[in-house]
Amino acid sequence: MNHIAILGAGQAGSSLAAKLRVLGFGGRITLIGEEDTLPYQRPPLSKKYLMKEMTLEQLHLRPERFYADNDIALRLGERIVAIDRAARQIRLDDDSVSYDQLALTTGATPRSLPAALGGDLSGVYVVRNLADVDRMAPEFREGRRVLVVGGGYIGLEAAAVAARLGLKVTLIEAAPRILQRVAAPETSDYFRSLHAGNGVEILEGTGLAGLERGEAISVVLADGSRREVDFVIAGIGVTANDGLAAAAGLACDGGVIVDAHGRTGDPAIWAAGDCARLPYRGDMIRLESVQNAIDQAEAVAANMLGAAMDYVPKPWFWSDQYDVKLQIAGLNTTFDRVVVRSGANEKARSHWYFRKGVLLAVDAMNEPRSYMVGKRLIEAGRSPLPEQVADTGFDLKTLI
């Protein structure tokens, strides 16, 4: 009987297993994960779950009975040691699992502050999985002081939750501005103002020289200044979990390299989700998003069963901060112009990214209509004129 093994029991792994059954696969499916809990959603961890607005059971992607009903064998809390491609076996700590086809959905790991800077001190945290959030949750008490290192979306979301819970928040970003790697200056300005209005101190162009542990944590900044905090959250990005693939001799480059079908250089091994580097518009990219984890995993499931269909990403992302919902459609890399479109109030607006007149992406803040219109235009390969975007009297929906 054909056996498909899936390494990584997160959003992509769970989606891939479920899709195999929907598509009629009747062989064995084994879903292997290092965490000892059922596959769960990650985005709410640092928001609703941390704020006790969501329970662990509500985090679960599917109830336990789903896996039993669909004959999906769960092996949770298992450490994967190696992949033996020649024998088509996965080696675990005290067992091995044979496979006919293997899917890598191993996700990503947050970057930690270097130990030389105090990254290994007690009271210094990263945000990625359930254990991370459970460890830091007791720190979130009104009036306490927290330093957030990193002004990307992870850091800004952590700062927003801490501020809402009444903590005194300082966020430092080594780059000249927050969100510099992922957004235009206009979007950086919007979120800088939003956080300042909620009491967050943002220090841009400010590096961390080190942390020293006493009763509190002494923060030494690159300019030599010091401040005291009670705990630290590092939100400085993630790295793809491609170590198993690289050790097995598969091509990796900041992620497991796959073709448009999601297949690696080994015809029996596939990859999807945060760990995969895939083709997109003539380039190789890695997409860190729930949407891509689901869509690519489902495409890989179909291709494992012989569909031979290219997966074409349709990137979209979101971020919730205070009372603002940011929705992003497309990828803004290589943009040369940004057009701001005003919304119904001062917090509602959208930023439209163009390159040589071609619409690449849209950042929409409390503007779901602009987001949906922009997303549909990008996916259809159509571009409004920048002047039409800037004119709030022009109904962009007429272009669809």
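On a predicted model such as this, the values are computed, not experimentally measured, just so you know.
A salt bridge links Glu157 with Lys47: the distance from a Lys NZ or Arg NE/NH1/NH2 to an Asp or Glu carboxylate oxygen falls below 4.0 Å. Of the charged side-chain nitrogens involved, none lies within less than 4.0 Å of a carboxylate oxygen, so that Glu173 and Arg177 do not count as a salt-bridged pair. At a threshold of 4.0 Å, the pair Asp95-Arg75 counts as salt-bridged, since one of the basic side-chain nitrogens sits closer than that to a carboxylate oxygen. Using a 4.0 Å cut-off between charged side-chain N and carboxylate O, Arg42 and Asp274 make no salt bridge.
Environment of CD in Glu346: sparse, with no more than 12 heavy atoms of neighbouring residues, nucleotides or ligands closer than 6.0 Å.
Between Thr333 and Leu360, every side-chain heavy-atom pair lies at or beyond the 4.5 Å cut-off. Annotation: side chain of Phe66 is not in contact with side chain of Leu61 (no heavy-atom distance under 4.5 Å). At a threshold of 4.5 Å between non-hydrogen side-chain atoms, the residues Lys325 and Trp318 count as touching.
For the residue pair Glu201/Thr170, the side-chain donor-acceptor check at 3.5 Å is satisfied. A side-chain donor-acceptor contact under 3.5 Å links Tyr40 and Glu35.
Qualifying salt bridge (charged side-chain N to carboxylate O under 4.0 Å, His left out) partners for Arg141, counting only residues two or more places apart in sequence or in other chains: none. Here Lys314 pairs with nothing under the salt bridge (charged side-chain N to carboxylate O under 4.0 Å, His left out) rule; sequence neighbours left out.
Note: Leu244 CG to Thr106 OG1 = 7.0 Å, rounded to the nearest 0.5 Å.
Sorted by first and then second residue, the ring-ring contact (aromatic ring centres under 6.0 Å, His included) pairs involving residues 330-367 (not counting sequence neighbours) are Phe335-Tyr353.
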